[in-house]
Amino acid sequence: DTEVTQTPKHLVMGMTNKKSLKCEQHMGHRAMYWYKQKAKKPPELMFVYSYEKLSINESVPSRFSPECPNSSLLNLHLHALQPEDSALYLCASSPRQGAGVGSHSPLHFGNGTRLTVT
Amino acid sequence: TQLLEQSPQFLSIQEGENLTVYCNSSSVFSSLQWYRQEPGEGPVLLVTVVTGGEVKKLKRLTFQFGDARKDSSLHITAAQTGDTGLYLCAGARDSSYKLIFGSGTRLLVRP
């Protein structure tokens, strides 16, 4: 079982809907990430939160809105999505953001939310 | 342009065979991680290599970081069907807080 929990596992939404993806970790990690993964492709970074503050936004369209209510929770609010936004959305956490001495903090991924936009 | 290129993109082998996956770049990385992602799940960290020339073994998996820290390889001995999945290398550069994922290698081990 993964220590990063994502809900829901599957989500189908219309282009006019508003929905939210949720992510939770209780490992005491202070960095949390949202990635988007298309079929058979590597994950693409969307957002990074460090100590509950947004530190990286990879030029993601405003129809995706992240939120970090506390150090254990990470949300991704979705509004007016396009069919091409259909993908697996992965949440990850790490003890800290970026590189410590010698190596990047390892990422712990959830199992993702499979999103389909119709 | 993919900063970290993996080869091959796809590999289908019989159980018991050996294989090697490569992760190459023209850039120097301070560290490199390898993840495996099984269908329907998120990636899981296998190993982190930090020192140029470093070799790490994880049961039947052997990971190597190139001397110049620009490339890495993953060798699997006597592959099993449970090794099936997407293998991702991911590199960290001193100048960036971002982890850069490679293009991925899909491995299918047939019984």
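Quick caveat, the model's predicted, so the values are computed rather than measured. Letters A, B, ... are given to chains in the order of the sequence lines, protein chains preceding strands, and every chain is numbered from 1.
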Determine whether A:Glu44 and A:Lys38 satisfy the following criterion, salt bridge (Lys or Arg N to Asp or Glu O under 4.0 Å), listing intermediate values before the conclusion. CA-CA 9 Å; A:Glu44 298 171 27; A:Lys38 294 285 230 181; over 6 Å; no

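- For A:Glu24, there are no salt bridge (charged side-chain N to carboxylate O under 4.0 Å, His left out) partners, not counting sequence neighbours.
- The contact list for residues 77-88 of chain B toward chain A, using heavy atoms and a distance under 4.5 Å, reads B:Leu86, B:Leu88 by residue number.
- In this structure, B:Arg69 contributes its side chain and B:Phe29 its backbone to a donor-acceptor pair below 3.5 Å.
- Comparing A:Ser55, A:Ala92, A:Pro43 by heavy-atom pairs within less than 4.5 Å of chain B, the highest count is held by A:Pro43.
- Taking the side chain as every heavy atom from C-beta outward, B:Leu74 and B:Thr105 never approach each other to under 4.5 Å.
- Grouped by direct or indirect side-chain proximity (heavy atoms under 4.5 Å, Ile/Leu/Val/Met/Phe/Trp/Tyr only), B:Phe10 sits with B:Leu108.
- Heavy atoms of other residues, nucleotides or ligands lying less than 6.0 angstrom from CE of A:Met15 number 12 at most.
- Heavy-atom minimum distance, B:Val21 versus B:Gln6: CG1-NE2, 4.0 Å.
- For A:Gln6, no part lies under 4.5 angstrom from a heavy atom of chain B.
- Contact of the A:Leu81 side chain with the A:Phe64 side chain is registered, since non-hydrogen atoms from C-beta on lie closer than 4.5 Å.
- Between B:Tyr35 and A:Phe109, the two ring planes are perpendicular [angle over 60°; tilted spans 30° to 60°].
- Residues of residues 83-91 of chain A having a heavy atom under 4.5 Å from any heavy atom of chain B, listed by number: A:Leu88, A:Leu90.
- Neither the backbone nor the side chain of B:Gln9 comes within contact range of chain A; no heavy atoms are under 4.5 Å apart.
- Taking the ring centroids of B:Phe101 and A:Tyr35, they lie under the 6.0 Å cut-off.
- In this structure, a donor-acceptor pair under 3.5 Å is absent between the side chains of A:Tyr51 and A:Ser71.
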